[in-house]
*Asks:* 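The structure follows.
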Amino acid sequence: MTNTYDAIIIGTGQAGPFLAQRLAGAGMKVAIIERKLFGGTCVNTGCIPTKTMVASAYAAHLARRAADFGVVNPGPVSVDMKLVKSRKDAISGESRTGVESWLRGMTNCTVYRGHGRFESSREVSVGSERLTADRIFINVGGRAVVPQMPGLEGVPYLTNSSIMDVDFLPRHLIIVGGGYIGLEFAQMYRRFGSEVTIIETASHLAQHEDEDVSNAIREILEREDIHIRLNASCIGFSKHGEDILAHVDCVTGDPEVSGSHVLMAVGRRPNTDDLGLTEAGVAVDKRGYIIVDDHLHTSVPGIWALGDCNGKGAFTHTAFNDAEIVGANLLDSDPRKVSDRITAYALYIDPPLGRAGWTEAEVRKSGRRALIGRRPMTKVRRAVEKGETQGFMKIIVDAQTHEILGAAILGTGGDEAIHSILDVMYAKAPYTVIQRAVHIHPTVSELIPTMLGELRPLSDVAGAAQ
Ligand SMILES: Cc1cc2nc3c(=O)[nH]c(=O)nc-3n(C[C@H](O)[C@H](O)[C@H](O)COP(=O)(O)OP(=O)(O)OC[C@H]3O[C@@H](n4cnc5c(N)ncnc54)[C@H](O)[C@@H]3O)c2cc1C
């Protein structure tokens, strides 16, 4: 028997549930399918659990630094990983059950448990059930890439998902991948007490960032005795007694790193390989991402793709925005589109990096006339008072229009302070609006107007390459 709906949503990540609420609220009969954990990556194996663990790691770090603040430290600080995990499980679990009960209690919405697969462009199977609708929304997210590396199949390794079950302290965690996910795990495990080595094939960490940002990140991590092996080539693995040997073949340093555990953090891939996309006629690119237009239509009318699986974003806020775009177009006659979005994200090491818009390297490459302002966190009173002066902030504006092109705040509170810049970018207002705004003292944000008062031609400043 086939169950007929107005809309089918596959996946309950960051776009699906919100879209279900919008469509069901508009009176549509909606089916939503989840094969595993309600809430998807962010809730279960991504943002929420990692930021919860980052908070535990920060507490350990501050406890070790207690004497710097005049607080008497009774002795060595240690971390109980079982307690760290149970705090993380409680916070993440609350969100997961919250998403599930929200969906199950939603009027006009039916929840299906199981793997959804297209049988045709209008039909989806879930186990023995057949669902049909004229509108189908794909929100299947992604998972960790596990690349083919010599010897990897012969050694145990962790991913962002399986590391969530770890309730002990790895003696020496080898992290393959110096991107955002790898860096967050690196600092957090170091602060928990593990020895940590990051192995990265590129010549610098967080390789999409400007070189000055990347170098500052490296200094922050190395100050905490995290080992960093860049330019690693021919990465391979073998067992050596209880240990795992990672062969790194780097230009400098030992050709091997010996550790107790390996975390693979080399990127993500979309969950589109077992979705029946061929049966539906939905086109994907060569990496498996679903091809969509600016309004998130796929190549098949009546099918949309939202979130990480469309390759237009790799964040919770971009997935959620996808749902806003689709909802606005379908229900409000409001032609919102993906290209309205300004790139923005944070890297949650401590201190965090908040980013908005273009990098300096991208602006230089564009050939535009631009102005740049830069300020070290040592010259931000709030950072000095908090004893957290690592990092810097910089901003780049168009010399002609005075619109802000991009900014990076690597420093305490950088993940929050970046929003005062981002909002002015969305307003397409000139930078002078922030420069003349009176910000609160003492905050990190109050130095943004000051930095904007010290702009110099980008061409006069030595380049921060990417
Ligand atoms: C370690 C880590 C940390 C992160 N930290 C941040 C952060 O701090 N900030 C941020 O913005 N982003 C962060 N991200 C990224 C963020 O988690 C993702 O961008 C976001 O979850 C994407 O949401 P989504 O809706 O596309 O899909 P997902 O959240 O991945 O959800 C997809 C859902 O679809 C289900 N599904 C898949 N296939 C099927 C099928 N065939 N049938 C039925 N159900 C299916 C899955 O089980 C899953 O529940 C992090 C990611 C990782 C891995």
Side-chain angles (χ1 to χ4, degrees), residues 8-20 31-55 88 92 95-96 99-100 103 111-118 124-127 129 131 136-145 158-164 175 177 179-186 188 263-277 280 288-290 292 296 305-323 326 343-349 352-355 415:
I8 299 170
I9 300 171
I10 311 175
T12 66
Q14 294 303 306
F18 175 68
L19 185 64
I32 190 162
I33 309 166
E34 176 52 58
R35 70 176 178 190
K36 207 170 171 200
L37 300 173
F38 283 87
T41 307
C42 182
V43 165
N44 298 288
T45 59
C47 341
I48 292 181
T50 54
K51 269 79 254 183
T52 306
M53 291 162 79
V54 162
K88 180 264 294 175
S92 158
S95 286
R96 179 172 56 251
V99 172
E100 178 168 6
L103 287 170
V111 174
Y112 286 85
R113 291 295 267 141
H115 183 94
R117 190 178 284 108
F118 282 94
V124 175
S125 63
V126 194
E129 307 257 19
L131 320 182
I136 303 179
F137 304 91
I138 308 171
N139 177 220
V140 292
R143 60 185 188 273
V145 167
L158 298 160
T159 65
N160 71 288
S161 298
S162 53
I163 202 169
M164 292 298 145
I175 299 179
Y180 310 96
I181 293 173
L183 298 181
E184 289 179 12
F185 278 114
M188 118 190 23
L263 169 68
M264 297 303 293
V266 294
R268 310 277 301 162
R269 57 176 290 193
N271 290 326
T272 53
D273 41 342
D274 188 17
L275 199 54
L277 290 179
Y289 287 96
I290 298 171
V292 290
L296 302 168
L306 301 86
D308 284 11
C309 69
N310 65 27
K312 297 271 183 196
F315 301 101
T316 281
H317 44 278
T318 51
F320 186 79
N321 180 235
D322 283 359
V326 171
T343 301
Y345 54 88
L347 162 64
Y348 292 91
I349 57 163
L353 168 69
R355 278 269 301 109
D415 51 333

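Order of appearance sets the numbers: ligands from 1, and atoms from 1 within every ligand. Sequential numbering from 1 along the given sequence is applied to the chain's residues.
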*Asks:* Quick test of your reading of the structure: of V126, L19, T316, whose heavy atom lies closest to atom 16 (C) of ligand 1?
*Replies:*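 Nearest heavy atom to atom 16 (C) of ligand 1 lies in T316.
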*Asks:* Atom 13 (C) of ligand 1: which of A144, A314, C47 has the nearest heavy atom?
*Replies:*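 When every heavy atom of A144, A314, C47 is considered, C47 comes closest to atom 13 (C) of ligand 1.
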*Asks:* Please work out which of G142, G182, G46 has its closest non-hydrogen atom nearest to atom 2 (C) of ligand 1.
*Replies:*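 Ranked by closest heavy atom to atom 2 (C) of ligand 1, first place is G46.
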*Asks:* So, is Q14 polar-close to ligand 1, with some N/O to N/O distance under 3.5 Å?
*Replies:*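 Min N/O separation from ligand 1 is below 3.5 Å for Q14.
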*Asks:* Compare every heavy atom of V292 with every heavy atom of A305, then report the nearest pair and how far apart it is.
*Replies:*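 Result for this residue pair: CB-CG1, 3.7 Å.
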*Asks:* G307 to ligand 1: N or O pair under 3.5 Å?
*Replies:*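 Checking ligand 1 against G307, no N or O pair falls under 3.5 Å apart.
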*Asks:* Could you tell me, atom by atom, which parts of ligand 1 come under 4.0 Å of a heavy atom of G40?
*Replies:*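 Result: 29 (O), 31 (O), 48 (C), 49 (O).
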*Asks:* Give a yes/no on ligand 1: does R268 have at least one heavy atom closer than 4.0 angstrom to it?
*Replies:*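 R268: in contact with ligand 1 (<4.0 Å).
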*Asks:* Side chain or backbone, does Y348 bring an N or O within less than 3.5 Å of an N or O on ligand 1?
*Replies:*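 No, there is no polar N/O contact under 3.5 Å.
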*Asks:* For atom 48 (C) of ligand 1, which of E34, E184, K36 has the closest heavy atom?
*Replies:*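 Answer by nearest heavy atom: E34.
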*Asks:* Just need the protein heavy atom nearest to atom 27 (O) of ligand 1, so name the residue and atom and give the distance.
*Replies:*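 Among all protein heavy atoms, the one nearest atom 27 (O) of ligand 1 is G141 CA, 3.2 Å.
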*Asks:* Checking a contact table here: which protein heavy atom is nearest atom 8 (O) of ligand 1, and how many Å away?
*Replies:*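 Protein heavy atom at minimum distance: K51 NZ, 2.8 Å.
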*Asks:* List the closest protein heavy-atom neighbour of atom 37 (C) of ligand 1: residue, atom name, distance to the nearest 0.1 Å.
*Replies:*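 Of every protein heavy atom, V140 O, 3.2 Å lies nearest to atom 37 (C) of ligand 1.
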*Asks:* Are side-chain heavy atoms of E184 and K51 found at a separation under 4.5 Å?
*Replies:*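 Side-chain contact under 4.5 Å: yes.
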*Asks:* Any side-chain heavy-atom pair from I8 and F137 closer than 4.5 angstrom?
*Replies:*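 A side-chain contact under 4.5 Å is absent here.
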*Asks:* To check your reading of the model: name the closest protein heavy atom to atom 18 (C) of ligand 1, its residue, and the distance in Å.
*Replies:*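 That would be D308 OD2, 3.3 Å.
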*Asks:* Taking the side chain as every heavy atom from C-beta outward, state whether Y112 and I32 have any pair of such atoms under 4.5 Å apart.
*Replies:*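 They are not in contact (no side-chain heavy atoms under 4.5 Å apart), so the answer is no.
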*Asks:* Would a 4.5 Å heavy-atom cut-off, applied to side chains only, mark Q14 and V43 as touching?
*Replies:*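 Yes, at least one pair of side-chain atoms sits under 4.5 Å.
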*Asks:* Once side chain to side chain donor-acceptor pair (under 3.5 Å) is applied, what residue pairs with a partner in residues 33-43 remain, sequence neighbours excluded?
*Replies:*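 Output for this query lists T12-E34, R35-H115.
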*Asks:* Identify, for atom 31 (O) of ligand 1, the protein heavy atom at the shortest distance, and state residue, atom and that distance.
*Replies:*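 Nearest protein contact, heavy atoms only, for atom 31 (O) of ligand 1 is G13 CA, 3.2 Å.
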*Asks:* Heavy-atom contacts with L275 under 4.0 Å: which atoms of ligand 1 show up? List them by number with element.
*Replies:*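 Those of ligand 1 that fall under 4.0 Å from L275 are 41 (N).
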*Asks:* Near N139, which atoms of ligand 1 are under 4.0 Å from a heavy atom of that residue?
*Replies:*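 Answer, ordered by atom number: 24 (P), 25 (O), 26 (O), 32 (C), 33 (C), 34 (O).
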*Asks:* Which residue and atom name correspond to the protein heavy atom nearest atom 1 (C) of ligand 1, and how close is it?
*Replies:*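 Checked against all protein heavy atoms, atom 1 (C) of ligand 1 sits closest to T45 O, 3.6 Å.
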*Asks:* Any nitrogen or oxygen of F315, side chain or backbone, less than 3.5 Å from one on ligand 1?
*Replies:*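 So ligand 1 has an N or O lying under 3.5 Å from an N or O of F315.
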*Asks:* Counting only nitrogen or oxygen atoms and a 3.5 angstrom limit, does T50 reach ligand 1?
*Replies:*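 Min N/O separation from ligand 1 is not below 3.5 Å for T50.
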*Asks:* May I ask you to check whether Y180 and Y345 place their ring centres under 6.0 Å from each other?
*Replies:*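 They qualify: ring centres under 6.0 Å apart.
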*Asks:* Looking at A15, which atoms of ligand 1 are within less than 4.0 Å of one of its heavy atoms?
*Replies:*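 Near A15, meaning under 4.0 Å from one of its heavy atoms, ligand 1 has 25 (O).
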*Asks:* Could you please spell out the steps behind the side-chain contact (heavy atoms from CB on, under 4.5 Å) verdict for F118 and I138?
*Replies:* CA-CA 10 Å; F118 282 94; I138 308 171; 3.7 Å; yes
*Asks:* Considering only heavy atoms from C-beta outward, does the side chain of N271 approach that of R143 to under 4.5 Å?
*Replies:*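 Sidechains of R143 and N271: in contact.
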*Asks:* Using the rule given for side-chain contact (heavy atoms from CB on, under 4.5 Å), can you reason through I10 versus N139, listing the C-alpha separation, both sets of side-chain angles and the distance that settles it, and then say yes or no?
*Replies:* CA-CA 6 Å; I10 311 175; N139 177 220; over 6 Å; no
*Asks:* Just so I know, are the side chains of I9 and I33 near enough to count as touching, which here means a heavy-atom distance under 4.5 Å?
*Replies:*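 Not touching, per the 4.5 Å side-chain cut-off.
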*Asks:* With heavy-atom distances below 4.0 Å as the criterion, list the atoms of ligand 1 near I10.
*Replies:*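 Near I10, meaning under 4.0 Å from one of its heavy atoms, ligand 1 has 40 (C), 42 (N), 43 (C).
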*Asks:* One pair to check against salt bridge (charged side-chain N to carboxylate O under 4.0 Å, His left out): K312 and D308. What are the steps and the verdict?
*Replies:* CA-CA 7 Å; K312 297 271 183 196; D308 284 11; over 6 Å; no
*Asks:* Got the closest protein heavy atom to atom 29 (O) of ligand 1, with its distance?
*Replies:*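 In this structure, atom 29 (O) of ligand 1 has T41 N, 2.9 Å as its nearest protein heavy atom.
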*Asks:* If you define the side chain from C-beta out and look only at heavy atoms, does anything of N44 sit under 4.5 Å from M164?
*Replies:*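 Counting from C-beta outward, N44 and M164 never come under 4.5 Å.
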*Asks:* A side-chain contact here means heavy atoms from C-beta on lying under 4.5 Å apart; do F185 and I163 qualify?
*Replies:*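 They are in contact (side-chain heavy atoms under 4.5 Å apart), so the answer is yes.
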*Asks:* F38 vs L103, test: side-chain contact (heavy atoms from CB on, under 4.5 Å). Steps then yes/no.
*Replies:* CA-CA 9 Å; F38 283 87; L103 287 170; 4.0 Å; yes
*Asks:* What atoms in ligand 1 come closer than 4.0 Å to a heavy atom of L37?
*Replies:*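 Answer, ordered by atom number: 49 (O).
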*Asks:* Checking side-chain hydrogen bond (donor to acceptor under 3.5 Å, both in side chains) for the pair R268/N160: CA distance, chi angles, key distance, verdict?
*Replies:* CA-CA 10 Å; R268 310 277 301 162; N160 71 288; 2.9 Å; yes
*Asks:* Considering only protein heavy atoms, which is closest to atom 44 (N) of ligand 1, and at what distance to one decimal place?
*Replies:*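 Looking only at protein heavy atoms, the one closest to atom 44 (N) of ligand 1 is R35 N, 3.3 Å.
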*Asks:* Should you measure from each heavy atom of I33, which atoms of ligand 1 turn up under 4.0 Å away?
*Replies:*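 So the atoms of ligand 1 that pass are 43 (C), 44 (N).
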*Asks:* Which of the atoms of ligand 1 are close to N160, meaning less than 4.0 Å from one of its heavy atoms?
*Replies:*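 That gives atoms 1 (C), 53 (C) of ligand 1.
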*Asks:* Tell me which one of A344, G116, C42, G114 gets a heavy atom nearest to atom 40 (C) of ligand 1.
*Replies:*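 Looking at heavy atoms only, the winner is G116.
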